[in-house]
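Below is one structure; the comments refer to it alone.
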Amino acid sequence: MSAQETSGAQTLAFQGLVIGGRRVAAADGATFDDLNPATGQTLCTVAAAGVADIDRAVTDAGTGFAVWSHTPGAERARILGRIADRLRAQRDALARLEVLDTGKPIAEAPSADIDSAADCFAYFAGIAATLSGRHIDLGAQAFAYTRREPLGVCAAIGAWNYPIQIASWKAAPALACGNAMVFKPSEQTPVTAGRLAELMVDAGLPPGVFNVVHGDGAVGAALVRHPGVAKVSVTGSVHTGRRVMAAAADGLIPVTLELGGKSPLIVFDDADLDNAVSAAMLANFYTQGEICSNGTRVFVQAGLHDAFVDRLVARTERLKVGDPLDPATEVGSLISTAHLERVLGYVDQGISAGARLRCGGTRLPGPGAFLTPAVFDQCRDEMIICREEIFGPVASVLRFNTETEVIERANATPFGLAAGVFTRDLARGHRVVAALDAGTCWINGYNLTPIEMPFGGVKGSGIGRENGWEAIEAYTRVKSVHVSLSGVACPYGQG
Ligand code: NDP
């Protein structure tokens with residue numbers, strides 16, 4: 001990390017692509033500016049990859065793959081472990097970079113972003129050392145075994161809300177299995193993926209195994225279509241997921257799609273009120289509400305509804321919105337003023353549709369993209385604010401009466417990323433999550449994503465899982481090998 005980046009300065013050095021283990025400018029010299037969303041000022045100038053750069057990155061990744069895929073798992077594990085150590089050693093500096101680039105509060109970034117990235121490399125380091133196939137007994141005359149093999153060069157594309165976490169959740173399992181990767185971060189948050197690549201080389205990762213190309217959706221689209229790519233993993237919107245999957249279909253390559261959501265958080269009458277309110281706040285206002293799995297449809301049973309809303313509003317009004325670098329800040333800046341305008345549009349829509357805005361929904365004056373967290377009650381399922389992903393600090397509270405009714409309403413969405421249930425009735429908790437169309441569920445909690453637990457969605461929220469053993473399956477293929485221990489039994493031409 002340069003002195004400029006650790007000194008507290010608010011501008012960063014030029015951010016090159018990382019290809020073959022080195023920082024490089026784009027072949028044609030093209031650049032774009034990356035803004036600090038909290039100030040609206042330019043944070044840094046970034047190399048904009050063109051077709052030649054993408055081709056070079058995939059080619060270098062192929063060279064890296066030839067080395068890395070033949071590196072023993074135990075050695076891969078040691079290197080991944082050192083990456084985890086370096087992430088922890090640089091925790092504060094990396095967290096600060098993430099805050100400057102995303103606008104999220106510094107109170108969150110060290111743990112939610114950097115520790116999550118480090119945990120991910122540590123977890124998959126453990127698996128790298130123990131990856132193996134199976135022996136299959138076929139009697140005295142034969143046996144079979146399976147080899148779990150890497151796929152090749154994986155393309156990975158990230159969203160802007162958790163840049164280094166997304167890069168790590170994709171890179172760590174892919175690399176653990178012996179793959180190489182070309183990663184494209186969001187053009188709005190390019191900084192920490194490059195830092196991660198540098199730190200990997202420092203930890204001993206061979207050049208070319210992890211490469212970073214910068215640019216917009218067109219760069220992502222060109223990367224996905226490159227014939228040297230064997231797999232694609234994308235975190236982004238449903239729209240992007242569809243386009244990536246269509247492109248991957250042409251090359252018949254597998255996809256992991258982590259897409260958007262409109263997840264239900266269901267609070268039954270018997271829930272612990274304070275815990276449920278705390279979860280609803282975390283599920284709507286953490287990272288300014290810019291979290292895919294957020295529980296933005298808060299269903300509260302009639303008996304607890306009014307007390308719940310009063311408590312939620314009272315606590316939400318006390319949230320401190322402002323300078324992301326201030327340790328006391330609880331809600332930072334949205335990613336851009338364009339996104340803020342979108343979110344404000346949803347607030348207006350909620351009001352005009354007849355929902356009651358109980359607090360928030362106001363833009364803070366001055367630079368940046370700050371919005372006070374909003375709580376709507378008197379919402380109805382058909383309102384746009386209850387159907388579309390807002391990706392900002394806007395909670396919609398919906399009243400319900402029975403378990404059967406709330407399950408049906410919670411499932412009445414094209415999304416299926418996550419869901420939460422608050423109840424003291426253990427049987428009901430398990431019964432309800434079993435009935436919900438969601439890939440990731442929490443009982444008496446929300447948005448907890450330990451690396452050990454697979455994460456991902458169903459329906460419009462995506463395909464495949466990140467983290468846990470499931471991520472290993474996503475980055476490997478199984479080869480079956482039959483071994484004969486006797487002669488070939490062939491009747492042909494024997495007379
Ligand atoms: P986008 O879908 O706009 O972008 C995601 C990434 O895909 C960006 O790097 C983008 O480039 C790139 N991209 C855009 N078009 C294409 C294309 N045709 N081919 C390949 N790549 C492309 O999402 P946002 O960045 O706006 O992120 C917000 C969305 O991400 C929300 O819907 C959110 O729910 C979802 N998300 C899902 C998560 C999950 O795990 N399920 C986690 C976090 C977010 P660029 O933006 O640089 O132009």
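Ligands are counted one by one from 1 in listed order, and the atoms in each one are counted from 1 as well. Treat the numbers as computed from the prediction; the structure is a model and nothing was measured.
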Geometric N/O contact [X] with ligand 1, under 3.5 angstrom:
X: I157; result: no
X: L259; result: yes
X: T235; result: no
X: E389; result: yes
X: S237; result: yes

Contact atoms of ligand 1, heavy-atom distance to [X] under 4.0 Å:
X: G220; answer: 19 (N), 20 (C), 21 (N)
X: F455; answer: 40 (O)
X: G260; answer: 32 (O), 34 (O)
X: G215; answer: 47 (O)
X: A159; answer: 25 (O), 27 (O), 30 (O), 44 (C)
X: V244; answer: 19 (N), 20 (C)
X: L417; answer: 41 (N)

Can you tell me the protein heavy atom closest to [atom] and the distance?
atom: atom 17 (C) of ligand 1; value: G217 O, 3.7 Å
atom: atom 28 (C) of ligand 1; value: F391 CE2, 3.7 Å
atom: atom 40 (O) of ligand 1; value: E258 CB, 3.2 Å
atom: atom 25 (O) of ligand 1; value: W160 CD1, 3.0 Å
atom: atom 6 (C) of ligand 1; value: G158 O, 3.3 Å
atom: atom 22 (C) of ligand 1; value: T240 CG2, 3.5 Å
atom: atom 39 (C) of ligand 1; value: C292 SG, 3.0 Å
atom: atom 10 (C) of ligand 1; value: K184 NZ, 4.0 Å

Any donor-acceptor N/O pair, [X] side chain to [Y] backbone, under 3.5 Å:
X: S333; Y: P37; value: yes
X: Y446; Y: S293; value: yes
X: S461; Y: G260; value: yes

Report yes or no: do [X] and [Y] form a side-chain donor-acceptor pair below 3.5 Å?
X: K262; Y: T413; answer: no
X: T189; Y: D101; answer: no
X: Y162; Y: S116; answer: no

Quiz item: Can we say E473 and R465 salt-bridge, meaning some charged N sits less than 4.0 Å from an Asp/Glu carboxylate O?
Solution: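 Looking at E473 and R465, the cut-off is not met.
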
Quiz item: Does D119 come within less than 4.0 Å of R88, counting only side-chain N to carboxylate O?
Solution: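 A salt bridge links D119 with R88.
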
Quiz prompt | Side chain proximity check, W169 to T235, heavy atoms < 4.5 angstrom | solution =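 The answer is no; the side chains never approach within 4.5 Å.
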
Practice problem: Check whether any side-chain heavy atom of L364 sits under 4.5 Å from a side-chain heavy atom of T372, and report yes or no. | Solution: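 They are in side-chain contact.
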
Quiz item: Angle class for the F391/H339 ring planes (parallel below 30°, perpendicular above 60°, tilted otherwise)?
Solution: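 Plane angle over 60°, so perpendicular.
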
Quiz prompt | Proximal candidate to atom 47 (O) of ligand 1 [heavy atom criterion; set R225, E290, E187] | solution =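 Answer by nearest heavy atom: E187.
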
Quiz item: Considering only heavy atoms, which of T440, N161, V234 lies nearest to atom 43 (C) of ligand 1?
Solution: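 Among T440, N161, V234, the closest heavy atom to atom 43 (C) of ligand 1 comes from N161.
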
Quiz item: Would S186 count as a contact of ligand 1 if the rule is a heavy atom under 4.0 Å away?
Solution: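 Under 4.0 Å: yes for S186.
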
Quiz item: At a non-hydrogen distance cut-off of under 4.0 Å, which region of H239 contacts ligand 1 (side chain, backbone, both, or neither)?
Solution: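 Neither; nothing of H239 gets under 4.0 Å from ligand 1.
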
Quiz item: Yes or no on side chain to side chain contact (heavy atoms under 4.5 Å, CB included) for I253 and K231, after CA distance, side-chain angles and deciding distance?
Solution: CA-CA 5 Å; I253 57 173; K231 184 206 162 74; 5.6 Å; no

Exercise. Start with the C-alpha distance between E466 and T256, add both sets of side-chain angles, then the distance that settles side chain to side chain donor-acceptor pair (under 3.5 Å), and finish with yes or no.
Key: CA-CA 8 Å; E466 296 197 303; T256 298; over 6 Å; no

Self-check item: Trace of the side chain to side chain contact (heavy atoms under 4.5 Å, CB included) decision for L199 with L94
Solution: CA-CA 11 Å; L199 173 156; L94 287 167; 4.1 Å; yes

